[in-house]
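Every number for a ligand or one of its atoms is a count from 1 in the order of the listing. Just so it is clear, the model here is predicted, and its values are computed rather than measured.
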Amino acid sequence: MSRTVAFIGLGHMGGPMAANLVKAGHRVRGYDLVVTPGPGLEPAASATEAVAGADIVFSMLPAGRHVLGLYDEILPVARPGTLFVDCSTIDVSDARAVHERAVAAGMRALDAPVSGGVVGAEAATLTFMAGGGETEFAEARPLLEVMGKRAVHCGAEGAGQAAKICNNMILGVSMIAVSEAFVLAESLGLSHQALYDVASTASGQCWALSVNCPVPGPVPASPANRNYSPGFAASLMAKDLGLAANAVRDGGVHAELGLRAAELYASYAERVGAVEDFSGIVRTIRDQSREQA
Ligand code: NAD
């Protein structure tokens with residue numbers, strides 16, 4: 001069934017996601033503060049113009065404050081009962097506040113952050129992690145499946161964001177652990193390949209090692225083999241770990257490694273930003289080890 005969709009935020013992720021909805025035959029009105037809507041999208045002069053008369057409103061913005069600001073602007077003009085699907089990665093508490101405001105305004109809402117990056121947005125292979133009601137998820141699902149290969153309903157409002165930051169906290173901590181192990185191996189005279197051959201088939205096995213291996217050689221497709229060009233940019237890992245750290249503190253959770261990983265990625269990303277894959281943190285660990293030696 002063809003739907004009338006508003007898509008707000010047409011950056012690196014939102015642009016190709018909206019284009020995939022157009023390709024699937026949906027009518028998509030696009031708006032971005034900076035980016036001009038791509039071919040096939042109906043350009044709107046404002047977010048409110050994009051939203052008026054839409055069945056479903058997608059947003060893909062940088063942070064929670066942008067989503068809260070946008071919703072304050074568009075909720076008053078949307079048709080009652082419109083489904084709002086925010087795909088941005090934001091704090092769980094902001095996602096819950098966004099949901100509350102939408103419902104208070106007579107709308108329905110889902111948080112549906114993604115993993116898969118720009119490549120996944122272009123190829124429509126994203127994974128969506130959704131939080132909200134069953135009915136809302138069932139309604140959004142056909143559109144999510146146009147933009148991605150998988151959509152998982154994780155629970156009530158905020159559960160999509162919760163799943164995303166918990167997963168990325170595992171990833172950040174495990175990438176640091178794998179990187180430290182490779183630098184330790186170097187100091188012990190153990191080759192990268194030997195460590196890989198053992199750990200990737202033993203209890204050290206994890207995605208950070210066997211897919212995104214932080215040293216060149218053992219996994220030819222990993223970013224380490226192309227001078228750490230992303231991949232998953234260090235700045236995005238730092239952002240997601242910052243969101244995880246906020247949730248850890250809010251919940252009084254004793255997650256020492258998660259908090260430390262957030263600090264390490266924040267200082268690493270400050271230096272390299274979006275130009276380097278997050279696995280490049282191995283170089284910082286190596287450099288700091290040399291300074292200490
Ligand atoms: P981006 O900066 O390329 O795009 C965000 C867009 O939002 C910009 O074009 C900006 O002009 C627009 N914008 C901001 N406020 C607006 C408003 N009020 N109204 C209209 N447009 C507005 O960022 P991105 O890489 O597309 O990421 C978007 C979200 O997706 C972020 O929350 C990010 O954490 C998440 N994400 C990104 C990736 C990735 O690989 N880039 C992967 C997974 C998740």
Sequence-distant partners of Asp250, salt bridge (Lys or Arg N to Asp or Glu O under 4.0 Å), two or more places apart: none
Salt bridge Arg79-Asp55, side-chain N to carboxylate O under 4.0 Å: yes
Check ligand 1 for close polar pairs with the protein: N or O on both sides, less than 3.5 Å.
{"unit_1": "ligand 1", "atom_1": "3 (O)", "unit_2": "His12", "atom_2": "N", "d": "2.9"}
{"unit_1": "ligand 1", "atom_1": "3 (O)", "unit_2": "His12", "atom_2": "ND1", "d": "2.6"}
{"unit_1": "ligand 1", "atom_1": "9 (O)", "unit_2": "Asp32", "atom_2": "OD1", "d": "3.2"}
{"unit_1": "ligand 1", "atom_1": "9 (O)", "unit_2": "Asp32", "atom_2": "OD2", "d": "2.7"}
{"unit_1": "ligand 1", "atom_1": "11 (O)", "unit_2": "Asp32", "atom_2": "OD1", "d": "2.7"}
{"unit_1": "ligand 1", "atom_1": "21 (N)", "unit_2": "Leu33", "atom_2": "N", "d": "3.2"}
{"unit_1": "ligand 1", "atom_1": "26 (O)", "unit_2": "His12", "atom_2": "N", "d": "3.3"}
{"unit_1": "ligand 1", "atom_1": "26 (O)", "unit_2": "Met13", "atom_2": "N", "d": "2.8"}
{"unit_1": "ligand 1", "atom_1": "32 (O)", "unit_2": "Leu61", "atom_2": "O", "d": "2.8"}
{"unit_1": "ligand 1", "atom_1": "32 (O)", "unit_2": "Pro62", "atom_2": "O", "d": "3.2"}
{"unit_1": "ligand 1", "atom_1": "32 (O)", "unit_2": "Thr89", "atom_2": "N", "d": "3.0"}
{"unit_1": "ligand 1", "atom_1": "32 (O)", "unit_2": "Lys239", "atom_2": "NZ", "d": "2.9"}
{"unit_1": "ligand 1", "atom_1": "34 (O)", "unit_2": "Lys239", "atom_2": "NZ", "d": "2.7"}

Whether His153 and Phe137 hold their rings parallel, tilted or perpendicular, with breakpoints at 30° and 60°: parallel
Pairwise side-chain contact, Tyr196 with Val219, heavy-atom cut-off 4.5 Å (strictly under): yes
Under the side-chain hydrogen bond (donor to acceptor under 3.5 Å, both in side chains) test, residues paired with Glu139 that sit two or more places apart: Arg3, Arg108
Set of residues satisfying side-chain contact (heavy atoms from CB on, under 4.5 Å) with respect to Arg283, sequence neighbours excluded: Asn227, Tyr228, Glu276, Arg286
